[in-house]
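This report refers to the structure that appears directly beneath it.
Bear in mind that the values here come from a model prediction, so they are computed numbers and not experimental data. Here is the naming used below: chain letters follow the sequence lines, and residue numbers restart at 1 for every chain.
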2 protein chains.
Amino acid sequence: MGKKITIADVAREANVSVSTVSNLLNGRNGRMRVSTKERILEAINTLGYTPNQAARQLKTGHTPIIGLIVPSVANPFYGIFARHVESAALKLGFQVLLGNSDRSPEREYQYAEELWGYGVRGLIFGSSLFQVSHLDNLISRGLHVVAFERATEFEDGTQIDSVGIDNNLAARLATKHLLSLGHKRIGFLSGPIKTVSRLDRLAGYQSAMRDAGIASDPKLVWDIAPLGNSYGDSDAVDLGRQGAQELLSQPDPPTAIFAINDMIAFGAYAGANDMGLIVPDDLSVVGVDDITLTEIVQPALTTIRQPIEKIATVAVERLVARLTETTSEAQGHQIFPPQLIVRSSTIRVPAQNDN
Amino acid sequence: MGKKITIADVAREANVSVSTVSNLLNGRNGRMRVSTKERILEAINTLGYTPNQAARQLKTGHTPIIGLIVPSVANPFYGIFARHVESAALKLGFQVLLGNSDRSPEREYQYAEELWGYGVRGLIFGSSLFQVSHLDNLISRGLHVVAFERATEFEDGTQIDSVGIDNNLAARLATKHLLSLGHKRIGFLSGPIKTVSRLDRLAGYQSAMRDAGIASDPKLVWDIAPLGNSYGDSDAVDLGRQGAQELLSQPDPPTAIFAINDMIAFGAYAGANDMGLIVPDDLSVVGVDDITLTEIVQPALTTIRQPIEKIATVAVERLVARLTETTSEAQGHQIFPPQLIVRSSTIRVPAQNDN
DNA sequence: GCGATTTAGTAAAACGTTACACCAAAGTGT
DNA sequence: ACACTTTGGTGTAACGTTTTACTAAATCGC
């Protein structure tokens, strides 16, 4: 309704030129009389002027927005991740535009392109698909990407930045913990293993088992997608529940389960319950992430902690550094150590009643 | 690096004028030879053209983005809400820009103004503060707002749209359920009661108690903020835990707790546990929201379901209708019915050992 | 007191779209 | 064959900002 206030209105009100106002707005106020500055500031205030970012961006070619694409904020882990990303970005003067991809490359590309159109030149991915070639095009045009979790290399040798934990180690920590408690039949519970991190975790689990001299049993690895092409992020709990049920209804069921994340681990609780089993008495469970709920749930969940705030912060800083060209070092993968947090969901394997 | 592709490049490649390309892009292709159309489409493809939204917006004055401001996506309830909002918005051709406010009016205003600068003319609020006057300015300039939960009226009589559940009824349902199980000392566990919805819930709780002929005991209402000005959204669980502890360490402690949302209810589980009490044997708990975890947690949480997908969808549709001027009916509050979901966290009050 | 320098600003050309106003050529009715 | 209408476009002035190049006035060194 009210006519829009432009920089020209401010200039008129303050009796200066448009350029002067612009200069002040952009911090080029080195040579400016204090009185002038104050006059402009006051004009801005009384008029209620807000810079038109579209015009600004049109001129400068970029916008202080970074895109954040996660599988699904319905998963509390990504919700928290998103918050930390937002905090870090805000501190550096960037807004965050969030998208949920459900790990679909099409959705990811769609988002990336959409955001590109909005002048977004930096993207954080909350997941690690095997291939990022669907983004090659945009990246070659100047899009910067940092991924949570290690990313694969491009064919042409370029890499994207990434930051995350050592997933192989995370899985080994979890598996060894269970092994040390005397468990021998340890299930691996996952959504479809189509991401680098999930693959690494499977490898870590397998190597720990191998180190313990236990032949790997493919029947103990559950990684089926429930509904077509979902990766089970929004419905991780249901997925874990179903998986646990299936694992536990086998002839020689596992006495422990390593779940690929906490939400799936919670699902395993429910699945065990459905089968009349009690965690941890009949089944030990360990997860990954260490979301808030782990301490609340009964029994409190043993899990592998990801230093999520640190990861989010580093991801943002890295991205912003690229955007502002203060660094041109080669892309790389920054790794933080995962940490085993022992709570009450894992106990020594009960005396075997070998029958 | 690669020079940016503009509409002019496409026009040249397709041997038409810029206007023609623009016309096609904006669906004004009624009078256009099919061959021309195809030529343009092909040019767009081979060139990899993406419209510059900034320029587009600068011209049109608006952008197909709606803002979503929630207290904190770290709370899974808002994470899910955000997902539903995104789905609904995408279907109508809008992107979603998400912000976390922690219910701070300053942050809300900051976001609103920031988004305004980006051409955002529609905002969805995931919470209901008492006053929205900090947005008056923007609203009078043409910002449209729809709030989750009832909003207060403006001084000048204007209202903002809102959609939500009947919070008073929700609280009454929960409280009556507990009363029907024989509970008489029922605690009310909340973060600071500074939102309309929380106030309504308190009122509903109190009226249900009154109807049952039970004098209200202020000592049973816990609503203290833990750290200064937080509303306890990011740390709802901790808040609930602390509150439950304090409620339960009173001389005549409650036998049941009505928690203002599920996360706080989970916190109450933990708080009870800390005190050596077992839910539901020693304490019945009912929450609000019905997030996914309610079924997983032990015992499964009795709660009041909010039809969150419906609410999100309606909120978006309402907002988009305003933005596209297809409606000019008066603002109003659309209410959906809450629903009691009885699970295992509430049981009949055990035989009293009156000592 | 005069040229050089510094201070404090200003003018105007982009940036990539959209949308209004226009127009040439072909078709139509009589 | 003439006056209209329809078809399929085109030319160009905005939109609000940034930024490069420029300048008038004040100050300075000597």
Review point. Whole-Å distance between D/dT10 C1' and B/Leu24 CG?
Key: 15 Å
Practice item. Might you work through the side-chain contact (heavy atoms from CB on, under 4.5 Å) test for A/Glu149 and A/Phe125, ending with a clear yes or no? Key: CA-CA 9 Å; A/Glu149 304 298 353; A/Phe125 273 80; over 6 Å; no
**Study point:** B/Asn23 side chain vs B/Arg28 backbone, donor-acceptor pair below 3.5 Å
**Key:** no
Check your understanding: Is there a donor-acceptor pair under 3.5 Å between the side chain of A/Asn75 and the backbone N or O of A/Phe77?
Key ->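 Pair found, side chain donor or acceptor close to backbone of A/Phe77.
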**Study point:** Audit row: A/Leu98, B/Val96, side-chain contact (heavy atoms from CB on, under 4.5 Å) steps and yes/no
**Key:** CA-CA 7 Å; A/Leu98 178 103; B/Val96 174; over 6 Å; no
Exercise for review: Shoot me the first and last contacting nucleotide of DNA chain C against chain A, ordered 5' to 3', at under 4.0 angstrom to non-hydrogen atoms.
Suggested key: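 On DNA chain C, the outermost contacted nucleotides are C/dT7 to C/dG16.
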Check your understanding: What one-letter contact string describes nucleotides 11-17 of chain D from 5' to 3', where B marks a base within less than 4.0 Å of any protein heavy atom, S marks contact via sugar-phosphate atoms alone, and - marks no contact?
Key -> BB-BBBB
**Study point:** Derivation of the side-chain contact (heavy atoms from CB on, under 4.5 Å) call for B/Ile308 and B/Ile80
**Key:** CA-CA 8 Å; B/Ile308 186 168; B/Ile80 296 178; 4.3 Å; yes
Review point. Would the number of heavy atoms belonging to other residues, nucleotides or ligands and lying under 6.0 Å from CD of B/Glu309 be above 12?
Key: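 Open: at most 12 neighbouring heavy atoms sit under 6.0 Å from CD of B/Glu309.
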Review point. Is it the case that B/Ser17 and B/Thr20 place a side-chain donor and acceptor less than 3.5 Å from each other?
Key: yes
Review point. Would B/Thr195 and B/Arg103 count as having a side-chain donor-acceptor pair, cut-off 3.5 Å?
Key: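 Side-chain D/A pair, B/Thr195 to B/Arg103: absent.
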Check your understanding: Tell me, do B/Ser72 and B/Tyr78 make a side-chain contact under 4.5 Å, heavy atoms counted?
Key -> no
Point to revise | Five-pair end axes of the helix from C/dG1-D/dC30 to C/dT30-D/dA1 and the angle they enclose, rounded to 10° | key: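 It works out to 30° between the end axes.
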Practice item. Please report the C-alpha distance between A/Glu114 and B/Leu90 in whole Å, then the side-chain angles of each, then the deciding distance to 0.1 Å, and finally whether the side-chain contact (heavy atoms from CB on, under 4.5 Å) criterion is met. Key: CA-CA 12 Å; A/Glu114 182 92 29; B/Leu90 249 33; over 6 Å; no
Check your understanding: Counting any heavy atom closer than 4.0 Å, what does A/Arg31 reach on the DNA or RNA strands: base, sugar-phosphate only, or nothing?
Key -> base
